[in-house]
Amino acid sequence: MLGRQWRICATGLCFITFMLGALLVTSLVFPVLNLFPLPKTSKQRHIRHLIYWSFRFFMGYMRYLGPIKSFETHGIEHMQNGGPYIFIANHPTLIDIVAIMSCVPFCTCIIKKSLWDHFYLGKVVRSAGYIVNDHATQLIEACQTSFNNGYSLVIFPEGTRSPAYGIHPFNRGAAQIALRLGIPVVPIVITYNCPTLMKGQAWYEVPRYPLRLTLQFHPPLAMPAERYHEANLPRKVRSLTRYFEDFFREHTNLNHDSSIS
Amino acid sequence: MMTKQDILARIQHVLTETFELEAASVVPEANLFSDLGLDSFDAVDLAVTLEVDTGIRLNESEMRPIRTVSDVVETIHRKISMNDAHTG
């Protein structure tokens, strides 16, 4: 097994590679893409495809260098009929979005304002046409357009990274969007062997063991009938959010693999 | 004409019935977002529900500066007074 010292260096290298990759994309790929008179939506499609392949490469790169020992995905066949879907996932590590987007070629995510305005990565997320976390009306319109174009949406309902071996209470955004736009919700339960790159954890605080990351795609969640009979939308949204949260509480506990190899 | 007290009572009713809030927490100075935990979708739904209840439609630009329960009361009261001034 690779030593911890090496994994600290390798993790640093991964961060540098990620940032250099973003620099390469903004300074070389975007100017070249801009030479072609393509409509904005088609440029966004190319950029999202590029992000998909870059993230696939990056997941392999992290396994090759050592910070990640294994990366498994299960149940992707549940979404073979194309979607669009709303993917909801727990958010244990910084790289969850990279892992998810490396599995799903056509998807978008809601970007918090600070990343949207980021001096460096902001240009990438804006050019990819991701959705900025804005007021409800604009957000719903942006999501509707995105679903119409066939893109699925990734949401971390906790709104921030999960605590070690658990989850925070869920925000209602996913249920709000799902119920208003009638989009099926696919849970992705992320499990791992030891907490890695959590919120507040510095990049060099690498865990004792290399990360084993598993993404379990579940079949779309059907809203239980009794919850559907809630009198009005706000109550339905609250009920559905509790349902999502219970689902993740149950599955992150059951699947929590603290065994160490 | 509805008094501020009437409007407050309706808002309290909507917030407890529709948004599952405790009646005791819905006080005039409560912040809809930080104290009562509404999100911006809920704010839109609140405006829609209150329109059914009071006949007053709050548009997005009127909703935006609203933070507390009493802001909602004041805004609706002002609109009712304006409507009355126009018609009366």
Side-chain angles (χ1 to χ4, degrees), chain A residues 86 88 110-113 116 131-147 153 155-160 168-183 185 223 226-246, chain B residues 7-28 30-76 79:
Chain A
I86 295 174
I88 55 172
I110 298 174
I111 303 286
K112 60 182 173 188
K113 200 81 176 72
W116 189 258
I131 298 166
V132 63
N133 194 358
D134 204 335
H135 188 268
T137 320
Q138 285 86 343
L139 186 59
I140 278 290
E141 280 169 13
C143 290
Q144 180 73 75
T145 309
S146 177
F147 291 134
L153 174 66
I155 295 181
F156 296 110
E158 293 166 79
T160 184
H168 291 296
F170 277 16
N171 293 335
R172 293 185 294 269
Q176 296 276 21
I177 298 169
L179 284 174
R180 275 158 218 265
L181 301 180
I183 303 291
V185 174
M223 176 134 163
E226 74 277 10
R227 292 174 191 249
Y228 220 88
H229 295 306
E230 288 285 3
N232 50 54
L233 192 59
R235 288 191 92 104
K236 274 186 192 153
V237 164
R238 280 157 175 76
S239 177
L240 190 59
T241 302
R242 282 193 289 272
Y243 178 58
F244 292 161
E245 195 178 318
D246 291 344
Chain B
I7 300 169
L8 177 64
R10 300 221 174 172
I11 294 172
Q12 282 171 328
H13 177 76
V14 169
L15 285 173
T16 49
E17 287 301 308
T18 309
F19 294 88
E20 302 183 351
L21 292 165
E22 296 286 330
S25 64
V26 187
V27 289
N31 184 304
L32 295 174
F33 306 99
S34 59
D35 297 328
L36 303 181
L38 300 196
D39 58 30
S40 63
F41 294 96
D42 292 328
V44 174
D45 289 336
L46 176 64
V48 172
T49 320
L50 286 174
E51 184 185 354
V52 176
D53 251 35
T54 64
I56 294 296
R57 185 194 185 92
L58 297 182
N59 60 37
E60 212 177 303
S61 62
E62 289 161 330
M63 284 299 288
R64 262 180 199 267
I66 284 176
R67 289 289 169 270
T68 64
V69 172
S70 86
D71 291 343
V72 187
V73 176
E74 292 297 330
T75 312
I76 291 183
K79 285 200 81 164

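Protein chains get the first letters and strands the later ones, always in sequence-line order, with residue 1 at the start of each. Given the structure is predicted, the values throughout are model-derived calculations rather than measurements.
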Do chain A and chain B have donor-acceptor pairs under 3.5 Å, and which are they?
{"unit_1": "His135(A)", "atom_1": "ND1", "unit_2": "Glu60(B)", "atom_2": "OE2", "d": "3.4"}
{"unit_1": "Ala136(A)", "atom_1": "N", "unit_2": "Ser40(B)", "atom_2": "OG", "d": "3.2"}
{"unit_1": "Thr137(A)", "atom_1": "OG1", "unit_2": "Glu60(B)", "atom_2": "OE1", "d": "3.1"}
{"unit_1": "Arg172(A)", "atom_1": "NH2", "unit_2": "Gly37(B)", "atom_2": "O", "d": "2.6"}
{"unit_1": "Arg172(A)", "atom_1": "NH2", "unit_2": "Asp42(B)", "atom_2": "OD2", "d": "2.7"}
{"unit_1": "Gln176(A)", "atom_1": "NE2", "unit_2": "Asp39(B)", "atom_2": "OD1", "d": "3.2"}
{"unit_1": "Gln176(A)", "atom_1": "NE2", "unit_2": "Asp39(B)", "atom_2": "OD2", "d": "3.3"}
{"unit_1": "Gln176(A)", "atom_1": "NE2", "unit_2": "Asp42(B)", "atom_2": "OD1", "d": "3.1"}
{"unit_1": "Arg180(A)", "atom_1": "NH1", "unit_2": "Asp45(B)", "atom_2": "OD1", "d": "3.4"}
{"unit_1": "Arg180(A)", "atom_1": "NH2", "unit_2": "Asp45(B)", "atom_2": "OD2", "d": "2.6"}
{"unit_1": "Arg235(A)", "atom_1": "NH1", "unit_2": "Glu17(B)", "atom_2": "O", "d": "2.1"}
{"unit_1": "Arg238(A)", "atom_1": "NE", "unit_2": "Phe19(B)", "atom_2": "O", "d": "3.4"}
{"unit_1": "Arg238(A)", "atom_1": "NH1", "unit_2": "Asp42(B)", "atom_2": "OD1", "d": "3.3"}
{"unit_1": "Arg238(A)", "atom_1": "NH2", "unit_2": "Asp42(B)", "atom_2": "OD2", "d": "3.0"}
{"unit_1": "Arg242(A)", "atom_1": "NH1", "unit_2": "Glu20(B)", "atom_2": "OE1", "d": "3.1"}

Counting only non-hydrogen atoms closer than 4.5 Å, does Leu46(B) touch chain A with its backbone (N, CA, C, O), its side chain (CB onward), both, or neither?
neither
Counterpart residues, ring-ring contact (aromatic ring centres under 6.0 Å, His included), relative to Phe170(A) (two or more places apart):
Phe248(A)
Would you mind telling me which of Ile140(A), Val237(A), Leu179(A) makes a side-chain contact (heavy atoms from CB on, under 4.5 Å) with Phe41(B)?
Ile140(A)
